[in-house]
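One structure below.
Read the numbers this way: they start at 1 and go in the same order the structure lists the ligands and their atoms. Given the structure is predicted, the values throughout are model-derived calculations rather than measurements. The figures that follow rest on heavy atoms only: side chains count, while hydrogens, waters and symmetry mates do not.
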Amino acid sequence: ARSRNTLEFRTMIGCIILRITALARSVCGISLMLAVSIFPTAALAQDTTDGIEMSFVLVEIFSALILLFSGVAIWIIARNQTRRIRELKREAEKLRDADFGEPLRVQPGELGELAAVFNDMRDKLKATTISRDYVDSILASMNDAIIVTGCDGKIKRVNKATSHMLGYEEHELIGMTVDFVVNTRKSGTLVDQKPSGVPREAFFESKFGESIPVSFTCSFLGGTEAETGDRIYAAQNITERRRAEKRIRYLARIDALTKIPNRMQFQHLLQRCIARARRGAKPLCIFYIDIDAFKEINDTFGHLAGDTTLETVAERLSAALPDDTIIGRLAGDEFAVILDGLGPDEHGQKKTDALAKRLLSRLADPFFVQGHEVFMTASLGIAYYPKDAPNVIDLIRNADAALYHAKKSGGNVYSYYEPAMNEAAVERLMTKSKLKRSFERDELLVHYQPKYNLETGEVFGAEALVRWELPERGMILPSDFIPIAEETNLIIEIGEWVLDKVCEDFRIWQRSVSSPGRVSVNLSLKQLRQPNFTRRISSILRSYEVSPTSLELEITETTLMENPERTIRLLDQLYALGLHLAIDDFGTGYSSLSALQQFPISTLKIDKSFVRHVSSNPDDATIVSTIVQMGRNLNMDVVAEGVESEDQLAFLQKLGCTYVQGLLFGDPMSSDSYLELLLAQAEGTDTHRALFA
Ligand code: C2E
Ligand code: MG
Ligand code: MG
């Protein structure tokens, strides 16, 4: 375009010069004609010869003068025109060098018109150049690599980002085909691909041989092939994105903490193992492993210790099993293992037994976390393919049922799956819906277990224990349905109902006896977590006109330690109301006494598992006597639960324990029976006092 402009300009200048020469010529001609035609006529008017000669001389002088004047005039005009033409030439040269300067002065005349045309041209050229520079600077500042090729695939232009990405200078790429920068082994050729504008992925190859994953689009320049046939490639380096995707995929499959497959990946691997076993008509075995009381380790030593425990389990499993064994973490503290080729035949079962024992014993080795020695055990459920289940889901579910069975038998054991176990799971589900229905029909009961003062033998109060009576099954104990209720929010409703019932009964007892004693109610974690718990309790107490000092709330160690800071605040509120607070099942958790001392607790309840063997097992005797001692030092009441024999009673009496409760004094009783007991005591006709003598 620039050369075309210059050509046009030169042609124009040529035309102007020709026109000026023609003009000068006509001026000269006209002057001569005037001199000859006017002056000779005036001279011939004189009638002497001298006069005629003189006239000729004059004519010649005049002619010469006129010629001289004409020449000067022509010279001045020509000089002026030349100056303006030079000026135009100078401006044209500046324009050629993209220096737009100031517009030319526009004077009348043809050169003026030319200057106006020239100015117009200058303005247009200036606008075009500015927009071209603008596009250039946009291209240069783009992060995407831009490559423009002709229809033959040869590179015509690239931007800075392309050089930056590939390490080539622009001149090294111009004229090469676009495939020169493509890793055609991995991506195929780009030259043959039809531009579609749709993003695709490919690998470019840098000057240094590095393969760079890119996402690119290829379109025709100007939108259609018809316009120029040129193509524009816009490519983006996606190395980072690829890396992030890889990480996400890894995280989706591998458990971040233990670096072993997670549930999804484990199921996927199990699926493959089952398919292989099916093809080879071989069995396989899975172990489902769960840490016993993991929550307590977490609660007591903190989540960091919990994490260390899980890592330890994963390490111990890998160390104890053959190298190619697949180990997965299926959930919180649940692990599973695939043992290829292990079957339920006699030899296989022997091997399974040995392996399960070895794993449990390895897992039970104590270990240290933050200077604390942690004792951990695990339970294990075993299921075989194809004997116990033909597919992934059922095999895992059945191993889980066996695990549940192992847990129920106290932990630190392994169980083989049996069909009856699944029936237990179904039964559990049925129980859940039946319980809800019974609760809604008001079919739950509250029984009371009296607590006795060890020194005087008097009834000091009672513990309220919920009961569920089913016509076809008789009385169901809380241990069989409270855990089920705790899986849902039903426990909150049941808990609140128990509180309400206790207060209702208390009001009735109060009408007959002056002091019905202190009644304790068990609380579940879910109840404590309710935001308006304190308000609910005080409103129940108010509506039955029961003094808060008559009520004691039993909270287990584990529940207390679940969120200690929040619990302390809540218990302080309850304590401020006048309620008594007791730690239930003391000794079964991991809490240190200094941790428990933060809570406004007035009673320790020794768990019945220690009381049971107190007169036969020296360890249990030491535990119980230590707790009693500790309670006394801290000015707390100590209640021993589960007293079944006179030996236990005597032992506890000797230790100086404050209160006892247990089957020795009969089963937990109805509200009416408890009132009768209180009345008999007031009359002095109660039968148990002799036991304490
Ligand atoms: P817990 O609070 O430790 O209650 C004491 C349990 O020991 C009661 O079992 C009681 O019947 C039983 N027991 C009492 N004396 C003896 C004895 O001499 N020998 C034996 N072997 N057991 C004895 P129960 O009623 O089955 O309650 C079990 C657990 O259920 C309770 O343990 C408590 O944690 C929970 N529970 C009971 N009622 C409620 C309730 O209303 N709400 C909540 N959240 N939990 C409750
Ligand atoms: Mg209790
Ligand atoms: Mg208890």
Side-chain angles (χ1 to χ4, degrees), residues 410 435 438-439 444-452 461-469 474-505 518-530 533 537 540 551-560 562 580-589 601 603-615 620 624 627 637-649 651-652 659-671 673-674 688 691:
L435 175 62
S438 287
F439 174 68
L444 297 190
L445 303 168
V446 174
H447 276 186
Y448 296 92
Q449 181 169 47
K451 287 180 281 184
Y452 293 89
E463 176 174 4
L465 296 164
V466 68
R467 297 284 178 266
W468 177 21
E469 199 165 10
M475 195 74 87
I476 305 174
L477 290 177
S479 43
D480 292 329
F481 69 87
I482 289 285
I484 294 174
E486 261 167 355
E487 284 168 12
T488 65
N489 278 343
L490 189 57
I491 189 69
I492 296 179
E493 294 176 57
I494 293 180
E496 199 163 310
W497 174 82
V498 171
L499 265 171
D500 199 87
K501 184 81 180 81
V502 166
C503 290
E504 190 187 346
D505 288 342
R518 192 191 289 170
V519 184
S520 54
V521 175
N522 294 285
L523 284 191
S524 97
L525 179 63
K526 281 211 168 120
Q527 279 177 280
L528 274 184
R529 279 206 201 129
Q530 280 180 290
F533 183 66
I537 283 207
I540 295 174
L551 207 66
E552 183 169 70
L553 302 177
E554 292 190 10
I555 304 159
T556 63
E557 249 183 283
T558 324
T559 304
L560 278 179
E562 201 264 342
H580 294 271
L581 300 165
I583 301 186
D584 203 357
D585 303 345
F586 188 74
T588 56
I601 301 284
T603 308
L604 287 184
K605 294 193 77 176
I606 308 175
D607 192 63
K608 52 183 175 294
S609 59
F610 302 116
V611 176
R612 191 178 303 142
H613 306 294
V614 84
S615 43
D620 285 349
V624 171
I627 296 176
D637 292 335
V638 180
V639 183
E641 305 176 329
V643 179
E644 292 178 349
S645 70
E646 292 185 33
D647 286 352
Q648 292 164 344
L649 187 69
F651 182 86
L652 292 163
Y659 306 106
V660 283
Q661 66 180 87
L663 296 182
L664 178 64
F665 319 101
D667 286 340
M669 54 191 79
S670 66
S671 166
S673 307
Y674 181 65
H688 296 305
L691 283 169

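With hydrogens left out, the protein atom closest to atom 20 (C) of ligand 1 is Glu644 OE2, 3.3 Å, a heavy atom. Closest to atom 25 (O) of ligand 1 among all protein heavy atoms lies Arg467 NH1, 2.9 Å.
In this structure Tyr452 satisfies the ring-ring contact (aromatic ring centres under 6.0 Å, His included) test together with Phe665, His688, Phe692, sequence neighbours excluded. With sequence neighbours left out, Leu525 forms a side chain to side chain contact (heavy atoms under 4.5 Å, CB included) with Arg529, Thr559, Glu562. Partners of Ser615 according to the side chain to side chain contact (heavy atoms under 4.5 Å, CB included) rule, which considers only residues two or more places apart in sequence or in another chain, are Asp647, Gln648.
Counting only protein atoms, the N, O or S atoms lying less than 2.8 Å from the Mg ion (ligand 3) are Asp584 OD1, Asp585 OD1, Glu641 OE1, Glu641 OE2, ordered by chain and residue number.
Counting heavy atoms from C-beta outward, Val638 and Phe586 have side chains that stay 4.5 Å or more apart.
Residue contacts with ligand 1, taken as heavy atom pairs separated by less than 4.0 Å, involve Glu641 solely via side-chain atoms from C-beta onward. Residue contacts with ligand 1 for Asp584 involve side-chain atoms from C-beta outward but no N, CA, C or O (heavy atoms, distance under 4.0 Å).
Nearest N, O or S atom of Glu463 to the Mg ion (ligand 2): atom OE2.
Look at Gln449 and you'll find a heavy atom under 4.0 Å from some atom of ligand 1. Residue contacts with ligand 1 include Glu463, since one or more of its heavy atoms lies under 4.0 Å from the ligand.
Using modelled atom types, one finds a donor on one side chain and an acceptor on the other under 3.5 Å when comparing Gln661 with Glu463.
Counting heavy atoms only, Lys608 comes closest to atom 23 (C) of ligand 1 of the residues Gln527, Lys605, Lys608. Selection from Asn522, Ile492, Val466 by nearest heavy atom to atom 44 (N) of ligand 1 gives Asn522. Distances from atom 31 (C) of ligand 1 to the heavy atoms of Leu663, Leu444, Ile555, Leu465 put Leu465 nearest.
By the definition of a contact as any protein heavy atom under 4.0 Å away, atom 38 (N) of ligand 1 is in contact.
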